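Remember, it's a predicted structure, so these values are computed and weren't measured experimentally. Order of the sequence lines fixes the chain letters, A, B, ..., with proteins taken first and strands second; residue numbering starts at 1 for each chain.
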Amino acid sequence: MIGNEPKGFSVLDLLSLELKEQNALDLSCVAGRAGLGRQITVPDINRPGLALAGFYESFAWNRLQVFGRGEYAYLSKLDAEGSYEAVNTLFSYDIPCCIFTSSLNPSSSFTDAAEKAGCPVLVTSLNSNEFSGRVLRVLSDIFAPKTTMHGVLVEVFGIGILLVGDSGVGKSETALELIERGHRLVADDVVEIRCVNGSILMGQGANKVIGHHMEIRGLGIINITHLYGVGAIRDKKQIQLVCQLEDWDPDKVYDRIGMDELSTDILGVKVPMLEIPVKPGRNIPIIIETASMNERLKKMGYHSAKEFNQNIMRWLESENARTLYFSRDDY
Amino acid sequence: MVELETTIRNRAGIHARPSAMIAQMAIKFSSRIFLEKNGNKINAKSIMGIITLAASFGSKIRITAEGSDEVAAAEAIKALFESGFNEELG
């Protein structure tokens, strides 16, 4: 696992995010372009109503300052009265940026003050409610704990499986066979994993440029999208199972019943793990497929190995009772 | 060929976990190892085979081993039965 400190996230990065329709922030910069490099350090927003009114105790200056209709009306009132002190005090703080919602256009006195302070002023067409919901979602995604792992992430029968193991053990070849059998590739080689909501591990390719390419020894780089079609790929997927492929070690004891449940820790989240020994003649893709189906059964509450053992125990118990009965003296 | 007799000492009998322990022990030896109960003889290297013996508490098992390391193999399997598989003894 390679440690990964969150890189700085600037206001410009926020503006240039590529978001889907339902997440689009629709931001544009109207003033203070010089300050677009300011860093956003806290994934949260603040409504600066109290600050404008002159109350600066516990002022969360390091958050995005969101101006809705209320703040806008108050600013207009201040503007009409010709008092600019409140605005100047606000800009004396090193705030990341000001965002006006509902397409409200800040007055020229406000933008002038922002230019002077070098603080970007953004405008969005969304209303405050919708905007705060979206921006919080986007920021929590960006600020989520992150790590990258070496492995292949595939979706098999709807279960996200991360194949890990030493180089050359056959992770990519296994993934290729799985794709051939109708499953999907999420990411090869470097998988970026983010912990969403504190319990969900989302895996995706680390780099859009690398996309869904794979390196197969003897073939070189191949493009899965072109070879197998869009049905064979997926952009991101929750990691629900980790399969560790390793060369068969004759001295190691491998699980033969499936009752001891191994798990591994990724970003503080426990994920079930299987150790799968690789040996010529063992068809790993089929084993992975079966593991996936077994995992689905477990999620449905049916644990094959446990159920099997319970039946055996019941059987042994009845056998026991019979022996006892037939060995009674008064029989 | 070596033949040893033993009795199931753990209360629960030979369910999945003990049979896995037996099979795992058996595959360490090159000898052919068999377990026999009530005339049923099975290969001690097969988990499913061992389970089918339905060896409940108190049943008698005959261990037979044949091969280069037959003595060690039979003794090791016997010791496993005697230990009660780290389970509650009857």
> Which heavy-atom pair separates V169(A) from V278(A) by the least distance, and what is that distance?
Replying inline: O-CG1, 4.0 Å

> Atom CZ of R137(A) and atom CD1 of I142(A): how far apart are they, to the nearest 0.5 Å?
Replying inline: 12.5 Å

> Do I14(B) and F81(B) have side-chain heavy atoms sitting under 4.5 Å apart?
Replying inline: yes

> Does a side-chain N-to-carboxylate-O contact under 4.0 Å join R194(A) and D141(A)?
Replying inline: yes

>> Is M48(B) in contact with chain A via its backbone, its side chain, both, or neither, using a 4.5 Å heavy-atom distance?
In response: side chain

> Checking I27(B) against chain A: side chain, backbone, both or neither under 4.5 Å from a heavy atom?
Replying inline: side chain

With 3.5 angstrom as the limit, list the donor-acceptor pairs from chain A to chain B, or say none if there aren't any.
unit_1: Y254(A); atom_1: O; unit_2: Q24(B); atom_2: NE2; d: 3.3
unit_1: N309(A); atom_1: OD1; unit_2: H15(B); atom_2: ND1; d: 3.4
unit_1: N309(A); atom_1: OD1; unit_2: A16(B); atom_2: N; d: 2.8
unit_1: N309(A); atom_1: ND2; unit_2: H15(B); atom_2: ND1; d: 3.3

> Considering only heavy atoms, which portion of I312(A) lies under 4.5 Å from any heavy atom of chain B: side chain, backbone, both, or neither?
Replying inline: side chain

> Are H183(A) and E289(A) close enough that some pair of their side-chain heavy atoms sits under 4.5 Å apart?
Replying inline: yes

>> Taking the side chain as everything from C-beta on, heavy atoms only, tell me whether I22(B) gets closer than 4.5 Å to L35(B).
In response: yes

> Hey, does Q238(A) have a side-chain heavy atom less than 4.5 Å from the side chain of V196(A)?
Replying inline: no

